Amino acid sequence: MKEIVTTITQRSQVTIPAEVRRVLGVKPRDKVAFTIEDGGVRLAPAPFSLESAYGSVKPVEKPENFEEISRAAKEAKAEKTVRALHNA
């Protein structure tokens with residue numbers, strides 16, 4: 001068994017040493033899971049989840065501007081209402 005020591009920062013953060021990252025097969029922005037059992041802690045790559053996949057695929061089209069769509073719908077409704085009032 002090999003032991004690798006690292007330091008906890010004032011913000012309670014640790015850097016996962018390169019050798020450990022290689023063994024786990026993780027890279028920056030990947031998720032890891034800590035499992036606490038029998039007085040010890042195990043570190044492993046986090047299992048795949050919908051949350052972990054979020055943002056990993058770029059959309060085919062640019063996201064729609066919902067404020068613009070809402071504004072256009074309100075204008076169309078207002079024009080329809082004005083026409084109905086003029087015809088009444």
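Treat the numbers as computed from the prediction; the structure is a model and nothing was measured.
- Partners of Arg42 by side chain to side chain contact (heavy atoms under 4.5 Å, CB included), not counting sequence neighbours, listed by chain and number: Thr35, Ala44.
- Partners of Thr9 according to the side chain to side chain contact (heavy atoms under 4.5 Å, CB included) rule, which considers only residues two or more places apart in sequence or in another chain, are Arg11, Gln13.
- Partners of Glu19 according to the salt bridge (Lys or Arg N to Asp or Glu O under 4.0 Å) rule, which considers only residues two or more places apart in sequence or in another chain, are Lys2.
- In this structure Arg21 satisfies the salt bridge (Lys or Arg N to Asp or Glu O under 4.0 Å) test with no other residue, sequence neighbours excluded.
- Connectivity analysis of hydrophobic side chains (ILVMFWY, heavy atoms under 4.5 Å, direct or indirect) links Val20 to Ile4, Ile16, Leu24, Val26, Val32, Phe34, Ile36, Val41, Leu43.
- Clustering of Ile, Leu, Val, Met, Phe, Trp and Tyr side chains at separations under 4.5 Å places Ile8 together with Val14.
- For Glu68, the side chain to side chain contact (heavy atoms under 4.5 Å, CB included) criterion is met by Asn65, Arg71, not counting sequence neighbours.
- Judged as a salt bridge (Lys or Arg N to Asp or Glu O under 4.0 Å), and not counting sequence neighbours, Glu79 has no contacts.
- In this structure, Val82 stands alone, with no Ile, Leu, Val, Met, Phe, Trp or Tyr side-chain heavy atom under 4.5 Å from its own, directly or through other members.
- Here Ser70 pairs with Lys74 under the side chain to side chain contact (heavy atoms under 4.5 Å, CB included) rule; sequence neighbours left out.
- Take Lys27 and apply the salt bridge (Lys or Arg N to Asp or Glu O under 4.0 Å) test, not counting sequence neighbours, and it matches Asp30.
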